[in-house]
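The chains referred to below are lettered A, B, ... by the order of the sequence lines, with proteins before strands, and numbering in each begins at 1.
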Amino acid sequence: MMRPIIEMKNVVKSFGHFKALHGVDLQVKEGEIVVVIGPSGSGKSTLIRCINQLEEHNGGEIIVDGAEVGHGRKSTVLTEVGMVFQSFNLFPHMTVLRNVALGPVRVRGLSWAAAEDRAERLLARVGLGDQATKYPAQLSGGQQQRVGIARALAMEPKVLLFDEPTSALDPEMVGEVLDVMQQLAKTGVTMVVVTHEMGFARKVADRVVFMDGGRIVEEGPPDVIFNAPRDPRLRSFLQAVLSH
Amino acid sequence: MATNVEALSVMSIFDTFLNWKVFVQTLPLLLSGLTTTLTLGVTAIILGFIGGLVLALLRLYASSPLRQIAVAYIDIFRSIPILVLLVVIYYALPFVGLRLSSFGAAASALSLVSAAYSAEIFRAGIEAVPKGQFEAARALGLSPWRLMSDVVLPQALRIVIPPITSNSINVMKDTALASVVAMPDLLKQATQAQALAANPTPLISAAVIYILILMPLVRLVGVFEKRLAVRGR
């Protein structure tokens with residue numbers, strides 16, 4: 001039994017009067033691929049944004065790699081959590097290479113030479129070895145998102161969070177990003193992926209978590225979730241997203 | 001007859017306002033004034049830039065007492081007329097034992113006010129950097145200082161180039177106010193030369209010099225704005 005790398009206990013998050021998370025419990029084990037699905041506004045993004053404290057939760061506990069996070073704690077454990085954003089959020093004034101090398105230099109204390117070495121290797125791995133000297137704006141959306149993945153990987157994180165990584169992409173570019181993520185899943189890195197790509201969830205996930213109304217409604221292996229959904233909300237959600 | 005009178009008056013306009021001999025005689029005085037004006041302007045622009053950046057960061061990110069002070073500073077120094085501030089610094093401060101040279105007084109007044117305006121420009125620039133940039137920097141684990149220096153400020157500075165240049169032009173023009181505290185700047189030297197030569201040509205010359213110095217900057221703002229509009233998606 002592998003130890004949990006993320007433990008969320010009764011996590012509550014509100015924005016003013018709106019409650020985005022109503023006491024969520026979630027455990028993610030080392031090396032596990034968890035895919036979070038659910039309708040928009042169900043709290044999926046809020047859930048993973050709480051894990052790396054882009055949103056601070058109002059109640060409950062979040063423990064990452066054995067250390068509790070949030071509520072003003074200054075913890076270095078969050079540098080073990082990498083994030084890939086829906087809108088890429090690459091740094092537009094830096095070359096692709098520097099985008100990837102920046103974190104290792106500033107946070108891990110690598111020299112620029114060593115960090116750029118690592119960045120080149122990672123860019124090659126996501127199929128962008130020849131784009132290192134370009135600026136983000138010169139790349140397609142799919143390429144930018146692959147840089148985003150390389151940037152997160154450069155920190156050698158223990159957990160990778162993906163916040164709808166293909167939602168801002170033109171349809172023909174979704175595949176190249178999902179391919180990279182699938183490759184990544186085989187390397188044993190822990191991944192928590194919020195996505196609407198049901199094909200990816202079915203193929204890659206160890207466990208699928210369905211959220212609705214700020215709660216985890218149902219979770220289980222993809223076979224069970226997709227072939228034998230129990231909760232009526234999950235059933236109608238799947239009907240809606242799989243019917244076309 | 002009528003044409004003669006016209007010819008005479010045209011002659012006297014040239015003699016009075018565009019008198020070559022007076023121009024040549026007073027040019028050295030004007031150029032020394034120009035040097036002073038440029039030194040004063042550049043000093044105030046640099047100090048205002050640094051002060052503005054610090055104030056903007058305090059206003060955005062400092063905790064309560066410091067932030068309130070920054071807000072109060074910015075509001076007060078944007079409301080006070082520079083001329084009034086200049087007179088207070090030069091004529092009133094000596095009563096509390098702080099005696100500044102005319103250059104010191106003028107540079108202080110211009111920098112204090114320019115810092116307040118620059119602060120608002122920087123604040124707008126920092127706020128114009130997309131939220132996702134802050135989040136990406138935080139997700140990488142960059143310290144607040146690195147987040148600013150590596151990610152946010154380089155982008156914010158690019159955004160504020162046109163308004164900061166505009167503000168610099170205003171500072172340059174406001175240096176003319178320093179003539180009231182006996183600062184030998186371009187305007188002061190021109191009025192001096194006008195009195196000596198009993199002819200307003202030096203004033204016209206000064207006006208032309210101001211325009212020659214500042215018009216390229218004014219054009220530059222336009223170029224920057226166009227370039228930013230093209231690059232901004």
Student: Taking every non-hydrogen pair under 4.5 Å, which of A:V84, A:V107, A:T79 racks up the most with chain B?
Tutor: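 Highest number of pairs under 4.5 Å: A:V107.
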
Student: Parallel, tilted or perpendicular, judged at 30° and 60°: which one describes the rings of A:H93 and A:F91?
Tutor: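 Plane angle between 30° and 60°, so tilted.
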
Student: Which atoms of A:R108 come close to chain B, meaning under 4.5 Å heavy atom to heavy atom: side chain ones, backbone ones, both, or neither?
Tutor: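 It is neither, since no heavy atom gets under 4.5 Å.
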
Student: Taking the six-membered ring of A:W112, is the NZ or CZ of A:R98 close enough (under 6.0 Å from the centre) and on axis enough (within 45°)?
Tutor: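 Checked: cation-pi criterion met.
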
Student: Any Lys/Arg nitrogen of A:R118 or A:E156 sitting under 4.0 Å from an Asp/Glu carboxylate oxygen of the other?
Tutor: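 Looking at A:R118 and A:E156, the cut-off is met.
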
Student: Check A:R3 with A:D65, please: is the shortest side-chain N to carboxylate O separation under 4.0 Å?
Tutor: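 Counted as a salt bridge, because a side-chain N and a carboxylate O are separated by less than 4.0 Å.
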
Student: Of the backbone (N, CA, C, O) and the side chain (C-beta and beyond), which part of A:V81 lies under 4.5 Å from a heavy atom of chain B, both, or neither?
Tutor: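 Contact with chain B is through the backbone of A:V81 alone.
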
Student: I'd like to know which of A:T76, A:L102, A:N52 tops the heavy-atom pair count under 4.5 Å against chain B.
Tutor: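 The candidate making the most pairs under 4.5 Å is A:L102.
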
Student: Main chain of B:A62, side chain of B:R67: is a donor-acceptor contact present, judged purely on distance under 3.5 Å?
Tutor: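 Looks like yes, one N/O pair under 3.5 Å.
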
Student: Of the backbone (N, CA, C, O) and the side chain (C-beta and beyond), which part of A:Q86 lies under 4.5 Å from a heavy atom of chain B, both, or neither?
Tutor: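 Neither part.
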
Student: Which region of A:L161, side chain (C-beta onward) or backbone (N, CA, C, O), has a non-hydrogen atom less than 4.5 Å from a non-hydrogen atom of chain B, or is it both or neither?
Tutor: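 The answer is neither part of A:L161.
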
